[in-house]
Amino acid sequence: MDKVKSSISALLITLNEEKNIDAVLENLSFADEIVVVDSYSSDNTIEKIKNHKGVKLIQREFKNYTDQKEFALSQAKHDWILFLDADERITPELRDEILETTNRADNDVSAYYFLRKFMFENQVLHFSGWQTDKNYRLFKKSRVHFDKEKIVHETLIVNGDSGTLKNKLIHYSYSNYEDYKGKMIKYGEMKAQEEFKKGNKARFYHFLFRPFYKFFNNYILRLGILDGKKGIIICYLNALGVYSRYKKLKQLHNSK
């Protein structure tokens with residue numbers, strides 16, 4: 001199999017990631033370029049980034065996830081993009097697979113999904129809806145763009161074929177209860193803004209049935225019960241995010 005040396009731009013968007021930033025920048029050190037777009041962090045994130053030589057730092061106001069990621073993408077020099085969240089880590093096996101994939105001369109795939117292994121603190125969460133979790137993390141800049149209608153859980157529009165890498169990305173999403181709860185509420189409220197722009201309204205049954213189904217689906221149908229206490233916590237907080245969406249949606253309509 002013919003090989004070429006392809007350059008990779010690694011991209012991050014950050015806000016108050018002092019607990020993650022050193023580890024993720026070291027994790028990405030194999031990339032040919034690292035660009036961090038920060039939303040004016042108020043902790044020690046910026047100071048820590050400046051200690052890593054060669055990292056390009058840009059501070060920019062945060063509007064939504066899609067807008068910030070689209071901007072970061074525009075700053076990349078190279079066509080191959082590796083886009084991580086600060087709480088994600090690449091294993092040595094995944095790193096080797098990334099390099100092998102991007103250096104294949106005959107590779108005409110536009111984008112690759114990464115399967116993710118969800119970490120509850122320092123333990124693997126095996127079920128609870130996360131067992132099939134995957135996201136685009138490696139792709140060609142020239143063949144993608146972000147769907148501007150999606151402002152949270154951003155969606156990559158791919159021109160061409162997609163693939164899935166074999167080795168999993170480690171996702172340290174849950175560090176503690178309050179942190180994860182805050183994430184779920186924030187995501188829910190941003191999702192409400194999407195719904196509001198579409199003219200959707202929160203009905204009384206949304207507050208009961210949608211959160212209940214989210215919990216039931218992840219805890220029972222997707223086997224969160226087998227994750228023990230971890231499963232209960234994650235499934236409850238994910239359902240809380242759904243409740244927060246409709247609560248915010250109702251507030252948006254009431255304030256019109």
Side-chain angles (χ1 to χ4, degrees), residues 1-14 17 19-38 45 48-58 65-66 68-119 122 124 130-146 154-173:
M1 187 179 295
D2 293 335
K3 292 187 177 182
V4 295
K5 175 62 178 76
S6 295
S7 297
I8 299 173
S9 292
L11 307 181
L12 286 170
I13 64 171
T14 59
E17 290 287 356
K19 66 182 180 183
N20 282 314
I21 195 63
D22 283 334
V24 72
L25 290 178
E26 290 167 9
N27 194 230
L28 291 171
S29 61
F30 68 93
D32 301 278
E33 175 190 41
I34 300 176
V35 179
V36 181
V37 179
D38 181 80
T45 299
K48 291 190 172 189
I49 292 172
K50 290 178 178 178
N51 288 331
H52 292 264
K53 292 183 179 179
V55 175
K56 181 180 179 181
L57 170 64
I58 302 168
Y65 287 101
T66 294
Q68 200 77 332
K69 287 195 171 185
E70 190 75 61
F71 173 80
L73 186 59
S74 73
Q75 302 302 303
K77 292 180 182 178
H78 308 300
D79 197 33
W80 275 114
I81 304 297
L82 179 59
F83 215 137
L84 288 196
D85 290 341
D87 60 1
E88 295 175 331
R89 302 289 180 271
I90 293 169
T91 65
E93 295 79 11
L94 180 55
R95 177 198 62 209
D96 292 345
E97 188 178 6
I98 290 167
L99 292 172
E100 180 182 352
T101 298
T102 57
N103 289 335
R104 276 185 11 226
D106 63 343
N107 189 352
D108 197 42
V109 176
S110 299
Y112 287 91
Y113 286 107
F114 285 12
L115 299 169
R116 295 196 296 181
K117 184 181 293 184
F118 188 103
M119 301 299 292
N122 291 314
V124 178
W130 289 100
Q131 57 266 49
T132 55
D133 180 42
K134 64 180 182 179
N135 290 91
Y136 284 120
R137 287 292 181 258
L138 181 68
F139 46 84
K140 293 178 180 177
K141 177 182 177 180
S142 57
R143 298 189 186 180
V144 304
H145 66 275
F146 287 99
E154 55 283 349
T155 301
L156 196 69
I157 306 298
V158 177
N159 179 19
D161 294 331
S162 296
T164 303
L165 296 190
K166 295 177 181 178
N167 293 284
K168 289 189 176 183
L169 185 68
I170 309 300
H171 187 201
Y172 290 96
S173 185

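Computed from a prediction, not measured in an experiment: that's the story for all the values here. Excluded from the calculations below are hydrogen atoms, water molecules and symmetry mates; all remaining heavy atoms, backbone and side chain alike, are included. The residues of the chain are indexed from 1 along the displayed sequence.
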Taking every non-hydrogen atom, the tightest pair across E154 and Y65: OE1-CB, 3.2 Å
Atom [atom1] of [X] and atom [atom2] of [Y]: how far apart are they, to the nearest 0.5 Å?
{"X": "L156", "Y": "R143", "atom1": "CG", "atom2": "CZ", "answer": "13.0 Å"}
{"X": "Y172", "Y": "F118", "atom1": "OH", "atom2": "CZ", "answer": "12.5 Å"}
{"X": "K56", "Y": "L12", "atom1": "NZ", "atom2": "CG", "answer": "14.0 Å"}
{"X": "I98", "Y": "L82", "atom1": "CD1", "atom2": "CG", "answer": "5.0 Å"}

Using atom types as modelled and distance alone, determine if a side-chain donor or acceptor of [X] lies under 3.5 Å from a backbone N or O of [Y].
{"X": "E97", "Y": "L165", "result": "no"}
{"X": "T66", "Y": "F146", "result": "no"}
{"X": "D79", "Y": "S142", "result": "yes"}

Flag for E33-S9: side-chain donor and acceptor within less than 3.5 Å: yes
Ion pair check, D85 and K69, cut-off under 4.0 Å: yes
K117 NZ: over 12 foreign heavy atoms closer than 6.0 Å: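 Not more than 12 within 6.0 Å, no.
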N51 atom CG: more than 12 heavy-atom contacts under 6.0 Å: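 Counting other residues, nucleotides and ligands, CG of N51 exceeds 12 neighbours.
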Show me the side-chain donor-acceptor pairs of residues 20-32 shorter than 3.5 Å, one per line, residues at least two apart or across chains.
residue, atom, partner, partner atom, Å
N20, OD1, R89, NH2, 3.0
N20, ND2, E17, OE1, 3.0
D22, OD1, H52, NE2, 2.8
N27, OD1, I90, N, 2.6
N27, ND2, I90, O, 2.9
S29, OG, E26, O, 2.8
D32, OD1, K5, NZ, 3.4
D32, OD2, I8, N, 2.7

L11 and its side-chain contact (heavy atoms from CB on, under 4.5 Å) partner, picked from I34, V36, L73, V37: L73
ring-ring contact (aromatic ring centres under 6.0 Å, His included) partners of residues 87-116, not counting sequence neighbours, each pair once: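 Counting only pairs at least two positions apart or across chains, the ring-ring contact (aromatic ring centres under 6.0 Å, His included) contacts touching residues 87-116 are Y113-Y136.
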Contact check, side chains of D96 and E93, non-hydrogen atoms, under 4.5 Å: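 D96 vs E93: side chains apart.
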